[in-house]
Each structure stands twice: as C-alpha cells, then as structure tokens.
Amino acid sequence: MDSGEFHAAVYEKVREIPPGRVTSYGHIAKLIGMPRHSRHVGQALKFLSPQTNPPVPWQRVIGASGAVSSRGPGTDGAQRQRDALEAEGVEVTTGRTGEMRVDLAQYGWFPAPAPAAARGDEEDEEEEDQAE
DNA sequence: TCTCTGACTACAA
DNA sequence: ATTGTAGCCAGAG
C-alpha cells in the first residue's frame, strides 16, 4: 500500500465516523488493516487540507484515552477541534492547563474491523449506554 | 545507512 | 491520577 492509498483509506474511515461520535487513531489504523500505524493516521490527518471534498471530520479522531491531541499548547488546532466537537454535541471537558478530553464511554465509536476471512457483513456497533 | 521525531498505545512503577 | 519506558513504523535530515 502506498502512502497515498494509506491516506485515502484513513480519510475514508474517518468519514464513516457518525456525527456526535469519536474514535481513536489506533482504531482507524485497525479499520484499514494496519493496527500498528496509529501514529501515521495522525500524520495523514495533519497532511489534510482545510477544504477537502468531501470534507474529512478529523476532529472526531482523538487519542485512545479520550485525550485530544493537536500539537502543543501553542497551536490552535486543539481549539478548533474542541469547537467542532461541541458543535456536534460532543461534550469536551477542559482542564486548567487546557487539557481537553472526551468521554469515550459516551461518545466513543469503535466498530469491529472488517475481517477479510469473514463472509457475513456485520454492521454492528457497541451501543454503549451511559451510566453516571 | 543512521538517527530522531511524531495529531500513538500499552504497560509498569 | 501521573510519569517513565518500550514497541511501533514511516518520513525527514
């Protein structure tokens, strides 16, 4: 797989993330069949242009711990990401130092990757119910 | 070719 | 909860 195809695959999966949901880099990597390329998923996203068509909801991709990454505190990416997520109804908690996190128990979206050896397509996903 | 870095993840202390 | 270490893989210098 070329890096171009890798990027394309990443964008494709990211676009499949339903609004109001978030997933992790690692899971995107799994979905495209490269579970070890979690870092390069983020790499592909930063390579993304602001005006892609169709648009890629990169803001729905966060760390596996629910932590929003976007380059150090000096960058604005994190701010844009938080704004975009809240606009979709995702609750983003912000700490004192600007640490932004999302509750994966509520907004996490982790469908099972499509196994090549599997025959029946399974559009199933864990509808985890929130429990305060 | 080697070394370092990175929008990562998982595990140990 | 926080910090450190290790594994990971591709790109840049």
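Throughout, a chain's letter reflects where its sequence line sits, starting with A, and its residues are numbered from 1.
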Would you sort out whether A:E88 and A:R21 count as a salt bridge (Lys or Arg N to Asp or Glu O under 4.0 Å), showing the intermediate values?
-> CA-CA 9 Å; A:E88 296 191 350; A:R21 296 290 202 128; over 6 Å; no
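- Rounded to whole Å, the distance from CD1 on A:I28 to P on C:dC8 is 22 Å.
- Inter-residue side-chain proximity for A:P54 and A:Y11 is flagged as unmet; no heavy-atom pair is nearer than 4.5 Å.
- Within the 4.5 Å cutoff, no side-chain heavy atoms of A:H40 are placed close to those of A:F47.
- Under the 4.5 Å side-chain criterion, counting only non-hydrogen atoms from C-beta, A:D103 is not in contact with A:T93.
- Regarding A:R101, its CZ atom lies at a distance of 18 Å from the P atom of B:dA7, rounded to whole Å.
- Rounded to whole Å, the distance from NZ on A:K46 to P on B:dA7 is 5 Å.
- A:F6 places its CZ atom 14 Å from the P atom of B:dA7, with the value rounded to the nearest Å.
- Within residues 82-89 of chain A, no residue has a heavy atom under 4.0 Å from DNA chain C.
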Dump every N/O contact between nucleotides 4-6 of chain C and the protein below 3.5 Å, one line per pair.
none

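- The shortest distance between side-chain heavy atoms of A:E5 and A:D2 falls below 4.5 Å.
- The shortest side-chain heavy-atom distance between A:M1 and A:M34 falls under the 4.5 Å cut-off.
- Between A:V14 and A:V41 there is no side-chain heavy-atom pair separated by less than 4.5 Å.
- Relative orientation of the A:F6 and A:H37 rings is tilted, given thresholds of 30° and 60° on the angle between their planes.
- For the pair A:Q43 and A:R36, nearest-nucleotide mapping onto DNA chain C gives the more 5' position to A:R36.
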Which atoms of nucleotides 8-11 of chain B (N or O only) lie under 3.5 Å from a protein N or O atom, and what are those distances?
from	atom 1	to	atom 2	distance (Å)
B:dC8	OP1	A:S69	OG	3.2
B:dC8	N3	A:R39	NH1	3.2
B:dC8	N4	A:R39	NH1	3.2
B:dC8	N4	A:R39	NH2	2.5
B:dT9	OP1	A:G26	N	3.2
B:dT9	OP1	A:A64	N	3.2
B:dT9	OP2	A:A64	N	2.8

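- Side-chain contact between A:H27 and A:P111 is present, with heavy atoms from C-beta onward closer than 4.5 Å.
- Shown are A:Q81, A:E86, A:R101; of these, the side-chain contact (heavy atoms from CB on, under 4.5 Å) with A:V92 is made only by A:E86.
- Ranking C:dA10, C:dG11, B:dA7 by closeness to the A:H37 side chain, first place goes to C:dA10.
- The distance between atom CD1 of A:I32 and atom P of C:dC9, rounded to the nearest whole Å, is 13 Å.
- Atom P of nucleotide B:dT5 and atom CZ of A:F47 are separated by 23 Å, given to the nearest angstrom.
- Looking at A:I28 and A:I17, their side chains come closer than 4.5 Å, going by heavy atoms from C-beta outward.
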